[in-house]
Amino acid sequence: MKKHMYRTHSCGNLRLVNEDSHTKLSGWVHRMRDHGGLLFIDLRDHYGMTQCVFNCETDAFKVAEKLRVESVITVEGMVVKRSPATVNPKMPTGDIEVLVDHIHVISVAEVLPMTINSNTEFPEETRLRYRFLDLRREKLHHNIVLRSKVIASIRKRMIDQGFMEFQTPILTSSSPEGARDYLVPSRVHPGSFYALPQAPQQFKQLLMVSGFDRYFQIAPCFRDEDGRADRSPGEFYQLDFEMAFVTQEDVFHAIEPVLYGIFLEFGNRHVSQYPFVQIPYHDAMLKYGSDKPDLRNPLIIKDVSEIFLGSDFSVFSKAIETEKSVVRAIPAPKTSNHPRSFFDKLNDWARGEGAPGLGYITFTEDGSAKGPIAKFLSPERIEALKKMCSLEDGDSIFFVCNKKDAAAKLAGNARRKIAEELDLIEKDVFKLCWIVDFPMYELNEDTGKVEFSHNPFSMPQGGLKALETMNPLDIKAYQYDIVCNGIELSSGAIRNHLPEVMYKAFEIAGYGAEEVEERFGGLLNAFKFGAPPHGGSAPGIDRIVMLLADEPNIREVIAFPMNQNAQDLLMQAPSAITPERLKELHIKLDLPKKVVKE
RNA sequence: GGGGGUGUAGUUCAGUUGGUUAGAACAUCGGCCUGUCACGCCGAAGGUCACGGGUUCGAGUCCCGUCAUCCUCGCCA
């Protein structure tokens with residue numbers, strides 16, 4: 001049998017059973033140990049590492065001793081059993097080694113800008129510019145393999161649930177709401193632009209109208225927004241799915257086993273059993289101060305406005321009466337004997353968040369109330385507070401006072417900060433929950449106008465009747481998020497498939513019928529020819545892999561990410577284009593004065 | 001667009017209230033070494049202290065500006 005040109009085995013699969021066989025391996029020189037008369041090379045490929053031994057009496061030795069790490073070579077030699085003293089139990093292939101008799105240098109490596117065989121950290125700029133080197137390194141290589149396995153598993157699980165995968169266009173039209181679009185100029189239609197989809201939202205709804213029952217796609221989404229640690233600028237991937245003839249509960253039932261299965265299969269820790277807890281939006285804002293609560297954090301916020309209303313603590317009582325402020329309380333268990341610096345530190349933190357400070361009361365072990373605010377509250381009020389917040393002697397409680405939304409947000413941040421300081425966040429667990437009953441509309445503080453708070457395509461709870469009779473700000477939508485450990489994985493909804501409801505819904509947000517038809521014509525028109533009730537969601541793939549890989553930064557789970565300024569340092573994107581191309585596209589540049597970037 | 005952190009050898013870092021020739025480790029190059037697996041030993045080379053101004057007798061160190069990068073606010077239907 002003719003031997004393969006490059007290898008008979010991978011660098012990861014030789015074992016004792018292969019002893020005394022002649023083998024051929026190819027890979028990268030991971031590390032060299034040159035003893036003068038004897039030389040070891042750890043040869044690495046995707047599958048693993050094998051120790052290759054070169055004896056000084058061979059020609060191969062003379063070639064090998066001139067090698068530099070990360071060069072690519074092919075070696076041939078006998079697989080031999082290592083003597084007991086030289087076995088390396090840390091390597092899966094550590095019972096054997098390859099006694100090399102022939103070497104072929106396939107590709108010579110220059111001196112590297114970063115080391116592959118160490119855990120040394122390198123600047124992000126270097127890592128991105130030489131991404132192909134970073135991807136050789138163990139951690140990143142592993143993360144990308146994990147990502148591939150997660151996506152393969154998602155596909156299998158979705159198909160098992162009866163979903164079918166369809167592709168939708170990448171060159172499409174600009175979406176009317178949402179983030180800024182990435183635009184692509186049309187050569188054929190001067191002055192017109194395609195937009196890259198922010199999500200396949202309208203297409204998946206059209207697929208439902210087209211009679212396909214359960215759609216999914218590992219869909220690329222493009223949004224021209226600034227990056228964050230957990231948000232890659234430019235593009236990201238969603239598990240986009242949609243189902244026909246379903247209620248909200250049907251959607252939950254379909255996707256819960258998929259997410260649970262994925263987190264269990266790859267997470268290597270405890271996962272919330274489904275059905276996942278469902279928390280109404282208003283409860284989430286009150287109890288956790290966030291619409292993406294981290295349920296690993298045991299602290300619960302309480303509204304204690306009534307305790308302070310009419311009290312002698314005028315800072316709060318006046319704000320409640322005259323500014324419609326509320327007081328929210330965050331418990332800090334077993335902290336009454338913490339040093340003053342603990343409370344000062346949190347106070348300083350709150351100032352950094354833009355709050356005047358963080359008031360607090362501590363309950364000493366003998367039951368008395370201490371702290372800067374305590375003396376302003378009567379014993380009855382103190383007792384009511386203690387009862388309301390289920391406090392025990394030895395606990396402390398912090399207060400924030402502000403208008404409702406700001407107070408909720410600050411309390412939520414304080415809840416997280418306090419839990420971190422006290423190390424109360426449960427470890428080694430994925431806690432998933434649904435946030436449901438999002439408001440359909442919200443008031444824009446700046447303009448005083450009513451706007452859609454989430455997706456304008458969502459079905460209002462109560463339908464047309466609710467839209468016609470209720471205060472818009474009280475209407476809830478069949479709109480839901482799924483949250484894991486405080487990270488929003490996806491947003492979804494039961495869609496509004498009824499044209500008359502859609503006209504009314506947009507009318508409340510200030511859009512006339514003509515404008516709706518102009519901007520949503522395709523979808524709206526489709527709903528006039530027989531549309532099934534439908535709904536779905538779109539969990540973020542990158543964030544799921546981030547959680548599974550336990551990485552705090554999304555770039556660690558993307559093979560070729562852009563930097564925070566939305567540049568690809570490896571491919572040099574974006575880049576200038578030639579005047580000829582611009583002319584062909586009917587585009588004249590009007591650049592800002594201060595352009596120096598290349 | 002705003003705020004904050006970081007920027008010293010190829011890399012990771014140290015560098016005292018502002019004071020002699022800016023150091024170490026890893027990598028690189030040269031030499032030695034037959035059982036290492038983060039091999040070891042000897043030696044060499046490698047610096048516009050991000051860039052540009054300023055203060056000072058004297059600046060890696062202090063001040064101002066610029067750039068790069070990360071985090072963050074805005075933004076993310």
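Residue numbers start from 1 in every chain, and the chains themselves are labelled A, B, ... in the order their sequence lines are given, proteins ahead of strands. Values reported hereafter were calculated over all heavy atoms of this structure, with side chains retained and with hydrogens, waters and symmetry mates removed.
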Closest heavy-atom pair and its distance - Pro561(A), Leu128(A): CG-CD2, 3.7 Å
Base paired to rU17(B) (Watson-Crick or G-U; both N/O distances under 3.5 angstrom): none
Any donor-acceptor pair under 3.5 Å from Ser71(A) side chain to Val108(A) backbone: no
Pro460(A) vs Asn496(A) side-chain heavy atoms within contact, under 4.5 Å: yes
Check ion pair Arg44(A)-Glu138(A) (N to O, under 4.0 angstrom): no
Summary of protein contacts for nucleotides 31-40 of chain B, nucleotide by nucleotide, where a base hit scores B, a sugar-phosphate-only hit scores S (4.0 Å, heavy atoms): --BBBBBSB-
Distance below 4.0 Å between Arg68(A) side-chain N/O and rC29(B) OP1 or OP2: yes
Under 3.5 Å on both distances, the Watson-Crick or G-U partner of rA68(B): rU6(B)
Length of the line joining Met114(A):CE and rA9(B):C1', which is rounded to integer Å: 18 Å
Whole angstrom value for the distance that separates C1' of rC75(B) from OH of Tyr182(A): 13 Å
Check: Gln461(A)/Asp437(A) side-chain N/O donor and acceptor closer than 3.5 Å: yes
Donor-acceptor under 3.5 Å (Glu242(A) side chain, Gln205(A) main chain): no
Under-4.0 Å side-chain N/O to phosphate OP1/OP2 contact, Arg231(A) with rC73(B): no
First encountered from the 5' end of RNA chain B, between Pro123(A) and Thr115(A): Pro123(A)
Distance in angstrom units between Arg127(A) CZ and rC70(B) C1', rounded: 12 Å
Nearest-nucleotide pick for Val111(A), side chain only, options being rA27(B), rC76(B), rU11(B): rA27(B)
Base partner of rG40(B), which must satisfy Watson-Crick or wobble distances under 3.5 Å: rC32(B)
Per-nucleotide protein contact string for nucleotides 41-46 of chain B (B base, S sugar-phosphate only, - none; heavy atom under 4.0 Å): ------
Distance between P atoms of rA50(B) and rG10(B) (Å, rounded): 13 Å
For atom CG of Leu489(A) and atom P of rC76(B), their distance in whole Å: 20 Å
OP1 or OP2 of rA68(B) under 4.0 Å from side-chain N/O of Gln564(A): no
Euclidean distance, Phe452(A) CZ relative to Ile508(A) CD1, rounded to 0.5 Å: 8.0 Å
Main-chain N/O of Asp95(A) paired with Lys81(A) side-chain donor or acceptor, under 3.5 Å: no
Pairwise P distance for rU55(B) and rC13(B), with rounding to whole Å: 34 Å
Touch class at under 4.0 angstrom, heavy-atom based, for Lys292(A) against every strand present: nothing
Pair partner, rA24(B) [Watson-Crick or wobble, under 3.5 Å]: rU12(B)
Base-pairing assignment for rA45(B) (Watson-Crick or G-U wobble, both under 3.5 Å): none
rG47(B) to rU66(B) separation - C1' atoms, rounded to the nearest Å: 22 Å
Listed nucleotide nearest any side-chain atom of Asp226(A), set rG1(B), rC71(B), rU11(B): rG1(B)
Sugar-phosphate only, base, or nothing, as touched by Glu451(A) at under 4.0 Å among non-hydrogen atoms: nothing
P-based separation of rC37(B) from rC41(B) [nearest Å]: 12 Å
Distance between P atoms of rU21(B) and rA25(B) (Å, rounded): 23 Å
Test item: Arg33(A) and Gln51(A) side chains (from C-beta on) under 4.5 Å apart, heavy atoms: yes
Separation between the C1' atoms of rU12(B) and rA27(B), rounded to whole Å: 11 Å
Among rA68(B), rG74(B), rU12(B), the one nearest Glu125(A) by side-chain distance: rA68(B)
Arg228(A) side-chain proximity, nearest of rU69(B), rC71(B), rC75(B): rC75(B)
Asp294(A)-Tyr288(A) side chain donor-acceptor pair, cut-off 3.5 Å: no
Between P of rU11(B) and CD of Glu124(A), the distance in whole Å: 16 Å
Residue pair Ile96(A) / Asn18(A), side-chain heavy-atom distance below 4.5 Å: no
Whole-Å distance separating the CD1 atom of Ile554(A) from the P atom of rC76(B): 18 Å
Between rG10(B) (C1') and Phe122(A) (CZ): distance, integer Å: 9 Å
Nearest-Å distance for atom pair CG/C1', residues Asp230(A) and rU72(B): 11 Å
Given RNA chain B, 5'-ward residue of the pair Gln201(A) and Met562(A), judged by closest heavy atom: Met562(A)
Span that lies between the P atom of rG3(B) and that of rU17(B), in whole angstrom: 30 Å
Pairwise C1' distance, rG7(B) and rA14(B) [rounded to whole Å]: 15 Å
Inter- and intrachain pairs under ring pair (Phe, Tyr, Trp, His ring centres under 6.0 Å), touching residues 36-90 of chain A, at least two apart: His35(A)-Phe40(A), His46(A)-His141(A)
